Amino acid sequence: MSKELMDALDLLEKEKNISKDSLFDAIENSLITACKNNFGKAENIRVEVDRNNCDFKCYADKEVVELEDDVMDPQLEICLDDAKKITKKAKIGDIVAVPLNSKEFGRIATQNAKNVILQKIREEERGAIYNEYFEKEHDIVTGVVQRFIGRNVSINLGRADAILNENEQVKGEVYRPTSRIKVYVLEVKNGSKGPRILVSRTHPDLVKRLFEQEVAEIQDGTVEIKSIAREAGSRTKIAVYSNNPNVDAVGACVGVNGARVNLIVDELNGEKIDVINWDENPGNLIQNALSPAKIVAVFADPDEKSAKVVVPDYQLSLAIGKEGQNARLAARLTGYKIDIKSETQAKDAPGFRMEDYLDDEDYDEYEEGEYEEGEAEASDSEVEE
């Protein structure tokens with residue numbers, strides 16, 4: 001029986017990730033409960049479990065009295081003659097450990113002991129599952145679509161089920177039962193019926209984690225993801241920076257013939273991804289963020305976190321994007337409020353002309369065509385920084 005019990009404990013520890021020590025504690029508590037149900041008291045009951053071979057013994061600590069007639073409570077006291085049968089050194093007033101035969105426990109006591117052990121196993125299993133997925137909070141996991149619960153989707157993650165709420169689902173995505181998808185773990189809560197796991201397919205960090213998985217240069221710290229902006233199901237812009245001048249950050253993320261980024265696009269069901277270079281100069285960063293549109297000039301105000309951008313007339317719609325998406329994502333990516341005008345519109349708009357940022361001497365040179373191109377760039381850089 002001891003070997004069978006040890007095998008069962010080993011199996012529980014391996015399959016359910018429940019520590020054997022906690023199971024031994026549960027067995028000890030269950031035996032004490034059984035003693036209480038069988039004898040009516042448990043204050044003086046001790047249980048010793050050998051954690052190497054699973055042998056266990058139950059004892060009742062009883063005080064030694066002289067005669068059998070002096071025994072007022074058989075559960076707490078024992079006469080001297082009976083005590084000496086257990087230990088010859090017993091004396092009146094000593095506490096003697098009297099062995100209890102657990103096989104004599106009644107059916108109800110045994111059933112209650114079993115329930116105590118099962119309850120402990122359930123609690124430990126819930127705790128182990130919670131700890132496992134709590135460590136994966138703000139990370140991505142792979143799950144299998146199970147069923148719809150109203151408009152929410154139940155996702156099986158292996159040892160637990162997660163809920164993909166309607167507002168965390170990508171519009172247009174179809175979730176078919178048994179299909180495998182990657183989700184971002186938003187939050188793990190510990191509930192009375194086990195952990196409650198909330199996941200997302202729309203969170204920007206889902207894309208970030210996918211790049212971290214696919215791009216070795218991001219994993220080793222050579223390339224950093226500085227910022228990300230996403231409209232789930234449609235387009236994502238991600239700004240990357242290389243800590244090694246010999247490594248092209250954008251090239252590393254895109255991969256040979258787009259191999260790396262295409263894997264992520266496939267996982268996101270065709271969502272478009274723009275990978276751009278991060279630049280500490282806000283003007284350059286905004287110019288990169290508005291790609292693929294060409295930019296004539298950027299006038300950025302770091303204090304106000306705003307920027308005025310001039311583009312060629314034929315590039316205005318491209319810079320703004322469909323329903324303003326390109327400009328909106330660029331603003332989120334850079335943290336700047338961006339105002340875009342075409343060259344024609346900029347001629348009569350304050351703040352969109354080079355002369356608005358030149359002093360009188362430089363303006364005269366600019367008007368006479370003597371303002372060197374390098375000087376213009378320097379002035380523009382001063383405004384941007």
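Everything numeric here is computed off the predicted structure, so don't read it as measured data. For the numbers below, each heavy atom of this structure counts, side chains included, while hydrogens, waters and symmetry mates do not.
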Check your understanding: Is there a donor-acceptor pair closer than 3.5 Å between any side-chain N or O of Ser291 and the backbone N or O of Ala293?
Key -> no
Check your understanding: Would Ile276 end up clustered with Val265 when hydrophobic side chains under 4.5 Å apart are linked, directly or stepwise?
Key -> no
Review point. Any chance OH of Tyr175 has more than 12 other-residue heavy atoms, nucleotides or ligands included, within less than 6.0 Å?
Key: yes
**Study point:** Backbone of Gly127 reached by a side-chain donor or acceptor of Asn131 within 3.5 Å
**Key:** yes
Exercise for review: Mind listing the closest non-hydrogen atom pair of Ala252 and Val215 along with its distance?
Suggested key: O-CG1, 3.7 Å
Point to revise | Pair Ile181-Thr142, side-chain contact (heavy atoms from CB on, under 4.5 Å): steps then yes or no | key: CA-CA 6 Å; Ile181 61 171; Thr142 301; over 6 Å; no
Review point. Is there a donor-acceptor contact under 3.5 Å linking the side chains of Asn288 and Asn277?
Key: no
Review point. Would you say the side chain of Gln345 lies within less than 4.5 Å of the side chain of Leu316, judging by non-hydrogen atoms?
Key: yes
Review point. With the threshold set at 4.0 Å, does a side-chain nitrogen-carboxylate oxygen contact exist between Arg260 and Glu217?
Key: yes
Practice item. Please check if the side chain of Lys305 supplies one atom and the backbone of Ala300 the other of a donor-acceptor pair under 3.5 Å. Key: no
Check your understanding: More than 12 foreign heavy atoms under 6.0 Å from CZ of Arg126: is that the case here?
Key -> yes
Exercise for review: Salt-bridge test for Glu231 and Arg328: reply yes if a basic N is under 4.0 Å from a carboxylate O, no otherwise.
Suggested key: yes
Practice item. Look only at the side chain of Arg209 and the backbone of His138, and say whether a donor-acceptor pair between them is shorter than 3.5 Å. Key: yes
Review point. In the single-linkage hydrophobic clustering (I, L, V, M, F, W, Y; side-chain heavy atoms under 4.5 Å), do Leu206 and Val183 co-cluster?
Key: no
Review point. Between the side chains of Asn152 and Glu166, is a donor N or O closer than 3.5 angstrom to an acceptor N or O?
Key: no
Exercise for review: Please check if any side-chain donor atom of Thr222 sits under 3.5 Å from a side-chain acceptor atom of Asn243, or the reverse.
Suggested key: no
Exercise for review: Examine distances only and state if a side-chain atom of Glu137 and a backbone atom of Val188 form a donor-acceptor pair shorter than 3.5 Å.
Suggested key: yes
Point to revise | Presence of salt bridge, Glu271 and Arg230, under 4.0 angstrom | key: yes
**Study point:** Side-chain heavy-atom pair Leu210, Leu268 within 4.5 angstrom cut-off
**Key:** yes
Practice item. Report yes if some heavy atom in the side chain of Leu80 is under 4.5 Å from a heavy atom in the side chain of Leu67; otherwise report no. Key: no
Check your understanding: Can you find a pair of side-chain heavy atoms, one from Val71 and one from Leu76, that are under 4.5 Å apart?
Key -> no
Review point. Near Asn257 CG, under 6.0 Å, is it more than 12 heavy atoms from other residues, nucleotides or ligands?
Key: no
**Study point:** Salt bridge flag under 4.0 Å for residues Asp82 and Lys85
**Key:** yes
Check your understanding: Does Phe299 have Lys308 sitting over its ring (NZ/CZ under 6.0 Å from centre, angle to axis within 45°)?
Key -> no
**Study point:** Ser306: which of Asp301, Asp339, Ile338 passes side-chain contact (heavy atoms from CB on, under 4.5 Å)
**Key:** Asp301
**Study point:** Salt bridge flag under 4.0 Å for residues Glu267 and Arg180
**Key:** no
Review point. Does the side chain of Tyr133 come within less than 4.5 Å of Val185's, by heavy atoms?
Key: no
Review point. Got a donor-acceptor contact below 3.5 angstrom from the Asn326 side chain to the Ala319 backbone?
Key: yes
Point to revise | Donor-acceptor pair, side chain of Asp266 and main chain of Leu263, under 3.5 angstrom | key: no
**Study point:** Short N-O contact, Arg159 and Glu132, less than 4.0 angstrom
**Key:** yes
Practice item. For the residue pair Gln169 and Thr202, confirm or rule out a side-chain donor-acceptor distance under 3.5 Å. Key: no
Review point. When rounded to the nearest 0.5 angstrom, what distance separates CG in Leu164 from CG in Leu186?
Key: 9.0 Å
Review point. Are more than 12 heavy atoms from other residues, nucleotides or ligands located less than 6.0 Å from atom NZ of Lys84?
Key: no
Exercise for review: Evaluate salt bridge (Lys or Arg N to Asp or Glu O under 4.0 Å) for Lys91 paired with Asp94, printing each intermediate quantity in order.
Suggested key: CA-CA 6 Å; Lys91 294 182 296 183; Asp94 287 351; 5.1 Å; no
Check your understanding: Heavy-atom distance under 4.5 Å between the side chains of Ile163 and Ile149, does that happen here?
Key -> yes
Point to revise | Close side-chain approach of Asn281 to Gln287, heavy-atom, < 4.5 Å | key: no
Review point. More than 12 non-hydrogen atoms from neighbouring residues, nucleotides or ligands closer than 6.0 Å to OH on Tyr59, yes or no?
Key: yes
